[in-house]
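In what follows, a structure is listed as structure tokens, so that the remarks can point back to it.
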Amino acid sequence: MIENTESPNGFNKEDVTPSGDASGHESTEVSNAFGAPNISQPQQETVPEEDKRAFAQAYAQLENELNKVFVGQRELVLGSLVALFSGGHVLVESVPGLGKTLFASALGRALGCKFGRIQFTPDLMPSDVVGMPIFNMKTQEFNFRSGPVFTQILLADEINRAPAKTHSALLEAMQEASATVDGVTYKLPIPFFVIATQNPIESEGTYRLPEAQLDRFMFKLIADYPSEEEELKILVDHGKNIDVSEKLANVQPVLNAETIVKMRKIVNAVHIAPQLFTYVNNIVRATRKFPRLAFGASTRAGLALTQAARTIALFQGRGFATPDDVALIALPTLRHRVTLSPEAEIEGRNVDEILTALVRSIEVPRI
């Protein structure tokens, strides 16, 4: 067991997280690395103390195991774990060669879950994802042979290189945790968590994913190039001639599938104040009329923001969510659900810049 349950820094939120409540009161200082939550009065606690401690400890242990083989990428690590325990899926955008496959493999081992990978290509068919019936000459019957989607942690690599027909098979799996083949529906293992990756749309042979498909992902995470120190550490570690499979073998299971399912139920018990629901609603609705945004976020974005805030609260050992929890996760939740206006694109603006200004423009509730 790891005694130190203090969580590390997450997304770059200096320009996003509110610094105080709407009445001008400063936030209560809480010493943790996520930042001080915006609290002005005692909150209703609906999660037992032992569950809160277990959640915070599980997060610290998972990160400790991942750090054995994976360096940096704070947004990817935190966002993936938040989505996992919130019951969502993540879309990761990055150039090739930044360790996404290694991260997904290590995550599967640390979670004690089965890991699978699909390399999406232009000629990939739905049957290559979900499986197909195979005729058995001995029994003269068709037997279903499951595809790689029948796993618990799935890496869908370079998803934006495959045709829409193949995407539809994965969408059902993500939404329903099942796959339908020849009219027969097969349940997928639980938990089922997808880490889909895409190359930047400027890359050759890539296509923009439809808005309806993007909306099914809880977060869009950006895996950027590592910092100078992180990249140097990777090079030094590689210079030690330690095989990657050996490093993965050192990753110890922290949880198991049954425990993850139970922890997801604990997330639903985290208290959300009425004012926080209003705060989330105001953020989502503002995306539909904010300058430089052509299209805003759907209602599903609000649901994702609320559930993610609950999970982040538990990572910090709290049984209630705060406006800071919402602001911390706002960019990954919204950046793939909004579209820049033509004027913003001409000006060279980016989505995160606009969304940061939007979140800061919303009045922070006193809860």
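Small disclaimer: the values here were computed from a predicted structure and weren't measured.
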Q | side chain to side chain donor-acceptor pair (under 3.5 Å) between N256 and T259, intermediate numbers included | A | CA-CA 5 Å; N256 55 49; T259 303; 2.8 Å; yes

Q | Criterion salt bridge (Lys or Arg N to Asp or Glu O under 4.0 Å) on E258 and K262, from CA distance to verdict | A | CA-CA 6 Å; E258 183 180 357; K262 291 180 181 178; 3.6 Å; yes

Q: List the steps and the verdict of salt bridge (Lys or Arg N to Asp or Glu O under 4.0 Å) for E347 and R292.
A: CA-CA 10 Å; E347 294 170 1; R292 298 298 185 266; 2.9 Å; yes

Q. So R117 and D157, salt bridge (Lys or Arg N to Asp or Glu O under 4.0 Å) or not? Walk me through it.
A. CA-CA 7 Å; R117 178 176 182 267; D157 213 2; 2.8 Å; yes

Q | CA sep, side-chain torsions, deciding dist, call: E65, K68, salt bridge (Lys or Arg N to Asp or Glu O under 4.0 Å) | A | CA-CA 5 Å; E65 295 301 318; K68 291 180 179 179; 2.9 Å; yes

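Closest heavy-atom contact between G116 and T151: N-OG1, 3.4 Å. Counting all heavy atoms, side chain and backbone alike, V270 lies closest to R310 at O-NE, 3.0 Å. Closest approach of V284 and R288 over heavy atoms only: CG1-NH2, 3.5 Å. Residue T287 comes nearest to A297 through the heavy atom pair OG1-N, 2.9 Å, listed as atom of the first residue, atom of the second, then distance. Minimum heavy-atom separation, S86 to M218: CB-CE, 3.4 Å. Between F120 and A162, the shortest heavy-atom contact is CD2-CB, 3.3 Å.
When the side chains of ILVMFWY residues are joined at heavy-atom separations under 4.5 Å, either directly or via intervening members, V267 and F277 end up in a single hydrophobic cluster. Taking hydrophobic clusters as Ile, Leu, Val, Met, Phe, Trp and Tyr residues chained together by side-chain heavy-atom distances below 4.5 Å, F290 shares a cluster with V326. Put simply, V251 and V71 are part of two different groups of oily side chains (I, L, V, M, F, W, Y) that touch within less than 4.5 Å, one to the next. Under a hydrophobic clustering in which Ile, Leu, Val, Met, Phe, Trp and Tyr are joined whenever their side-chain heavy atoms come within less than 4.5 Å, directly or via other members, Y186 and V130 fall into the same cluster. Hydrophobic clustering of Ile, Leu, Val, Met, Phe, Trp and Tyr side chains at less than 4.5 Å, counting indirect connections, unites I118 with V181.
Ring geometry, F150 versus F144: the interplanar angle exceeds 60°, so the pair is classed perpendicular (tilted spans 30 to 60°).
Two residues are said to be in side-chain contact when any heavy atoms from C-beta on lie closer than 4.5 Å; L358 and L293 meet this criterion. Annotation: side chain of L314 is not in contact with side chain of D51 (no heavy-atom distance under 4.5 Å). Annotation: side chain of T311 is not in contact with side chain of L81 (no heavy-atom distance under 4.5 Å). You'll find the side chain of L154 reaches within 4.5 Å of the side chain of L170, heavy atoms only. Contact annotation: the side chain of T333 approaches that of F219 to within less than 4.5 Å [non-hydrogen atoms, C-beta and beyond]. Contact check for I272 versus V280: no side-chain heavy atoms found under the 4.5 Å cut-off. Proximity of I159 to T197: side-chain heavy atoms (C-beta onward) are nowhere separated by under 4.5 Å. Side-chain contact between I260 and Q152 is absent, with no heavy-atom pair separated by less than 4.5 Å.
A salt bridge does not link E230 with K233: every distance from a Lys NZ or Arg NE/NH1/NH2 to an Asp or Glu carboxylate oxygen is 4.0 Å or more.
Other residues, nucleotides and ligands contribute only 12 or fewer heavy atoms inside 6.0 Å of the CZ atom of R285.
Applying the salt bridge (charged side-chain N to carboxylate O under 4.0 Å, His left out) test to residues at least two apart or on different chains, the pairs with a partner in residues 327-337 are E75-R335, D215-R337, R335-D352.
Ring centroid separation for the pair F85 and Y59 does not come in under the 6.0 Å cut-off.
Listed by chain and residue number, nothing satisfies the side chain to side chain donor-acceptor pair (under 3.5 Å) test with K114 (two or more places apart in sequence, or in another chain).
A side chain to side chain contact (heavy atoms under 4.5 Å, CB included) with L221 is found for exactly one of V77, L78, V90, namely V90.
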